[in-house]
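Everything on this sheet refers to the single structure shown next.
In what follows, every chain begins at residue 1, and chains take the letters A, B, ... in the order their sequences are listed.
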Protein chains: 2
Amino acid sequence: MLDPSTQRPAVGIRDVAALARVSPTTVSNVLSGNRRVSAATRERVHWAIDQLGYRPNLSARNLRVRRAGLIAVAVPEIGVPYFAELIGHVVQAARERDYTVLIDQTEGRLEAEQFVLSGMNPGMVDGILFSPLGIERPEYENRRDTTPLVLLGERISGSGVDHVAIDNVAAAADATGYLIERGGRRIAAIGHQERRGGGTAPQRTEGYRQALEAAGLPYDPSLVLATSKYHRRDGALAMTELLDRGAQPDAVFCYSDLVALGAIHALRERGLRVPEDVAIIGIDDIDEGRYSTPTLTTIEPDKVAIARTSLELLFDRIADGSREPRQVVVPHTLTVRRSA
Amino acid sequence: MLDPSTQRPAVGIRDVAALARVSPTTVSNVLSGNRRVSAATRERVHWAIDQLGYRPNLSARNLRVRRAGLIAVAVPEIGVPYFAELIGHVVQAARERDYTVLIDQTEGRLEAEQFVLSGMNPGMVDGILFSPLGIERPEYENRRDTTPLVLLGERISGSGVDHVAIDNVAAAADATGYLIERGGRRIAAIGHQERRGGGTAPQRTEGYRQALEAAGLPYDPSLVLATSKYHRRDGALAMTELLDRGAQPDAVFCYSDLVALGAIHALRERGLRVPEDVAIIGIDDIDEGRYSTPTLTTIEPDKVAIARTSLELLFDRIADGSREPRQVVVPHTLTVRRSA
DNA sequence: TAACTGGAGTGCAACGTTAAACTGAGTCGC
DNA sequence: GCGACTCAGTTTAACGTTGCACTCCAGTTA
């Protein structure tokens, strides 16, 4: 199967060269613009190119120049709007640099994440943008592979890896602070996750705790609910549990917009009003929150900046693999809508 | 820049061969399993492989075997949940076949769509899954490139191109029929688009028309609104226009869930209740509709089937480029929730 | 005139892999 | 005892590009 001989006889640079009566090198130069080629020759080459419908073979080029023109974006799930929107920006920014984006979906499988850390298929991608989920800190340090890698959304200081993220502690504190400001006194948090290596969730819990403390409110661990993922369903389940338990919060800080939308759904099912009975705030600012009922108050990370900065870091590292790792903090803002 | 010599000296199959004291071909055979290799040799090779941390170079392999192990999925926008969810399924199904998925975002730019039709970068992908937006029928026929291509969501019969789609006419008729059944008499449609080459939107309009006719209701063109895209915003704008105009429909068939959610948002803004004042139905069954307020009644295309079938068609065509094009219709079902 | 300079182009080798053809040694059948 | 076959491996020649070192010619310059 897949016998090369069954394929159409690909037209290559040498066919073009033959037709244009020049050497393959000249054709290559015309295409790449690497060296000067006389106008007359250039024209003949171009003519031959579209006579034959020639299109350069990327595999061959990549093999030769050791660059793939391809970067991988590895995220837990593309179906999650935050990632989908982020990837959209990445694809767009990458195109401006003549890079194509390849998608890897880890689904939080450890084995898939390890594969990503190991550089995926060498020679296939020039770099990786990685939004990890389950992998723990030591794994980054033991990385044998040298494929340039930039972490998204994780804050693993001193890990020797580039990363781009918002200040999760501050973001969570801002969100919680806003809930307090508008009258919340019994504020729940949904989305906590225990991770040995640190990670987004514990940082958000920390910000939540700090904001309560700053306002002189008690920190009640029973109001902090963990979820395994950040789907709508997780938010709904956690909210339902909270209500079943009779915990009766007057506001909820959700660790993602999706969780927040799930929580709102659960509240509605119980006949509770948002924000009158319970105020809800999320993080991510996905488009959905602008049209939901009620519209969603949220912490808005600058997704375009995340996309662009992470690519910049990545290309930087591709150019110079040994430069010091950088950790970039991207700004976030509070966007007030109706849910809180 | 990007001088190959500055790169780390990649360990290749010949380094492994040298260390294991066999020929490169043997190493290749161990890896591919193409030919029998004695257990002892195989073991030595494996030992050498992880001594050196060898990882095969895909560019080289692809150049040699003329397969990239890569397929492209070209959609207008990844940020649109329907596409994001669909791509998620595609990525998963592709992995089972050892294929990686690369994303192209056309944003409906004609030039980007033409690039897709032209096979993108030859040698880079083995096939393309394409969800077109603006491109017209003749363009398919004049396709010079032979990269296997499967159309998603379009119904262009006789175009000589493989495609996978739901029966859009029937789906629209089902949706409209359901609205009529539950009492709708003045039913609007949002999402029409004029396309010379046919396409999804006109088919849905046709289904809508047929359902009205079947129920003996008049077809009123002023209740059919066109939108340029299928975003929430487009739905909201169209709905607002309808209300401003005093058209007062009692039900609306939206050509996508996103449009439906936008319409619901607009209705709420005007203080109208869904479904009491206006019933809303969409198409797509995105996860969002299960948690929205109210939850969304919709036509559910079997997305997993679309992903799997289209990949099957694609791999089929990769294996045999000259087989007759096939058009596969994927089932859809009506999922009733709260909005209608 | 010989020695340089620069522009335009050519030829060769190599990137890392694998298919195909080949080598030898052992086994089998008749 | 000899051809035919199998097994486990090797050697060779690509796949389509491109960087490098080279050539060739015309125009300067000393």
Heavy atoms, side chains only, cut-off 4.5 Å: are A:Leu58 and A:Leu70 in contact?
no
Does the side chain of A:Arg61 get closer than 4.0 angstrom to OP1 or OP2 of D:dT18 through an N or O atom?
yes
Who pairs with B:Ser131 by side-chain hydrogen bond (donor to acceptor under 3.5 Å, both in side chains), at least two apart in sequence or on another chain?
none
For nucleotides 23-26 of chain C, which of its nitrogen or oxygen atoms have a protein nitrogen or oxygen under 3.5 Å away, and what is each distance?
none

Residues that A:Tyr82 engages under ring pair (Phe, Tyr, Trp, His ring centres under 6.0 Å), provided they are two or more places apart
none
For the pair made of CG in A:Leu63 and C1' in C:dA14, what is the distance, rounded to whole Å?
9 Å
Return the value, rounded to whole Å, for the distance between atom CZ of B:Arg67 and atom P of C:dG16.
21 Å
For A:Asp15 and A:Gly12, which heavy atoms make the closest approach, and how far apart are they?
OD2-N, 2.6 Å
Rounded to whole Å, the CZ-P distance (B:Arg21 to D:dT10) equals 12 Å
Separation of D:dG16 atom C1' from A:Arg66 atom CZ, nearest Å, is 16 Å
Which residues share a salt bridge (charged side-chain N to carboxylate O under 4.0 Å, His left out) with A:Glu85, sequence neighbours left out:
A:Lys303
Show your working on side-chain contact (heavy atoms from CB on, under 4.5 Å) between A:Leu151 and A:Phe130 and close with a plain yes or no.
CA-CA 5 Å; A:Leu151 291 182; A:Phe130 182 26; 3.8 Å; yes
Between CZ of A:Arg64 and P of D:dG16 the distance, given in whole Å, is 16 Å
Is the backbone N or O of A:Val125 less than 3.5 Å from a side-chain atom of A:Thr147, with the two atoms forming a donor-acceptor pair by type?
no
Report the end-to-end axis angle of the helix from C:dT1-D:dA30 to C:dC30-D:dG1; each axis comes from five terminal pairs, and the value is rounded to 10°.
50°
Rounded to whole Å, the CG-C1' distance (B:Leu58 to C:dT17) equals 11 Å
Only pairs at least two apart or in different chains count here, so list each salt bridge (Lys or Arg N to Asp or Glu O under 4.0 Å) that has a residue in residues 91-103 of chain A.
A:Arg95-B:Glu107, A:Glu96-A:Arg308
Please enumerate all protein N or O atoms sitting under 3.5 Å from an N or O of nucleotides 26-28 of chain D, with distances to 0.1 Å.
none

Run the salt bridge (charged side-chain N to carboxylate O under 4.0 Å, His left out) test against A:Arg317 and tell me which residues pass, sequence neighbours left out.
A:Asp162
Whole-Å distance separating the CZ atom of B:Arg14 from the C1' atom of D:dT10:
14 Å
Can you name the side-chain hydrogen bond (donor to acceptor under 3.5 Å, both in side chains) partners of B:Glu324, sequence neighbours left out?
none
Sub-3.5 Å donor-acceptor pair from the side chain of B:Asp126 to the main-chain atoms of B:Arg67, do we have one?
no
Listed in order of residue number, which residues of residues 23-47 of chain B have a non-hydrogen atom at under 4.0 Å from DNA chain C?
B:Thr25, B:Ser28, B:Asn34
Could I get the full list of side-chain hydrogen bond (donor to acceptor under 3.5 Å, both in side chains) partners for B:Asp316, not counting sequence neighbours?
B:Arg326
In this structure, how many angstroms lie between the C1' atom of C:dT17 and the CG atom of B:Asn62, rounded?
10 Å
Sequence neighbours left out, what passes side-chain hydrogen bond (donor to acceptor under 3.5 Å, both in side chains) with B:Arg21? Give chain and number order.
none
Report yes or no: do B:Thr26 and B:Ser23 form a side-chain donor-acceptor pair below 3.5 Å?
yes
